[in-house]
Amino acid sequence: GAVVSQHPSRVICKSGTSVKIECRSLDFQATTMFWYRQFPKQSLMLMATSNEGSKATYEQGVEKDKFLINHASLTLSTLTVTSAHPEDSSFYICSAMTGYSYNEQFFGPGTRLTVL
Amino acid sequence: EDQVTQSPEALRLQEGESSSLNCSYTVSGLRGLFWYRQDPGKGPEFLFTLYSAGEEKEKERLKATLTKKESFLHITAPKPEDSATYLCAVQDTGTASKLTFGTGTRLQVML
């Protein structure tokens, strides 16, 4: 149980284009999902917290107009990187809380974004 | 501001050579301390949650312990398949479900 998937696993795009990443909870309903970014040999940095049916809460320094988050259902959250630039290249990981495993977050496999 | 410091940054062990990884933390109030395993190019895999000082949890060759200032992840008789980065994260009572991660310990277990 508590499986989280992400799609795509890897994406390469040109500078200036937008990229959408999907995060799905496969066997549970996730009222809260999280989006993280991880640079090589660095830790996970929380970007935003996403609650189903409401606006995401962004961490300080994260541009909400650049990183659009939509949590349209209890099993799906999407992150759209708008007008991507090379500095947005990173490993993006989502996580979800099950609601019955107290405070535990289960992570997706990650999406490697490369902006040329 | 919550802080998590993990040491060592990297650790190389021979198969069967037991050791411990350290996670020191600073929070205003600890809701939970979490250990994750992360393989290269993958998302973190949940290992343990510890909630109060004195608590211990075990899973196969891994044992996690918690004090008021730090947590240890003890690895007994490691095998090459235990090679990974081990991440520690804390959850503060004042910041809802947010996790603050350390930078991890990269463990390599040699044959």
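Hydrogens, waters and symmetry mates are skipped; everything else that's a heavy atom, side chains included, is used. Labels below follow one simple rule: chain letters A, B, ... track the order of the sequence lines, proteins then strands, and each chain is numbered from 1.
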Review point. Can the ring centres of B:Phe46 and A:Phe107 be said to be less than 6.0 Å apart?
Key: no
If you define the side chain from C-beta out and look only at heavy atoms, does anything of A:Phe34 sit under 4.5 Å from B:Ser97?
yes
Q.
Quick check on A:Arg10: does its CZ atom have over 12 non-hydrogen neighbours (other residues, nucleotides or ligands) under 6.0 Å away?
A. no
Cut-off 4.5 Å, heavy atoms of chain A, and the answer for B:Gln6 is neither
Worksheet item: Is it the case that one hydrophobic cluster holds both B:Leu87 and B:Phe48, taking links as side-chain heavy atoms less than 4.5 Å apart, direct or via other members?
Response: no
- Over 12 foreign heavy atoms within 6.0 Å of CD, A:Glu87: yes
Check: For atom NZ of B:Lys57, is the number of surrounding heavy atoms from other residues, nucleotides or ligands below 6.0 Å larger than 12?
Finding: yes
- Query: How about A:Lys20: does its NZ atom have over 12 heavy atoms from other parts shown lying under 6.0 Å from it?
  - Reply: no
Check your understanding: When you look at CD of B:Gln3, are more than 12 heavy atoms from neighbouring residues, nucleotides or ligands closer to it than 6.0 Å?
Key -> no
Cut-off 4.5 Å, heavy atoms of chain B, and the answer for A:Leu44 is both
- Keeping the roles fixed (side chain from B:Thr103, backbone from A:Gln42), state whether a donor-acceptor pair exists under 3.5 Å. no
Quiz item: With side chains defined as the heavy atoms from C-beta onward, is the minimum distance between B:Lys98 and A:Leu46 less than 4.5 Å?
Solution: yes
Does the pair B:Gln38 and A:Ile93 meet the rule for a side chain to side chain contact (heavy atoms under 4.5 Å, CB included), with working shown? CA-CA 12 Å; B:Gln38 186 176 28; A:Ile93 310 174; 3.9 Å; yes
Residues B:Lys42 and A:Phe91: closest non-hydrogen pair is O-CE2, 3.6 Å
Whatever's closer than 4.5 Å to a heavy atom in chain B on A:Glu59 counts as side chain
Q.
Counting only heavy atoms not in A:Arg112 (residues, nucleotides, ligands), do more than 12 fall under 6.0 Å from its CZ?
A. yes
d(B:Phe34 CZ, A:Gln105 CD) to nearest 0.5 Å is 7.0 Å
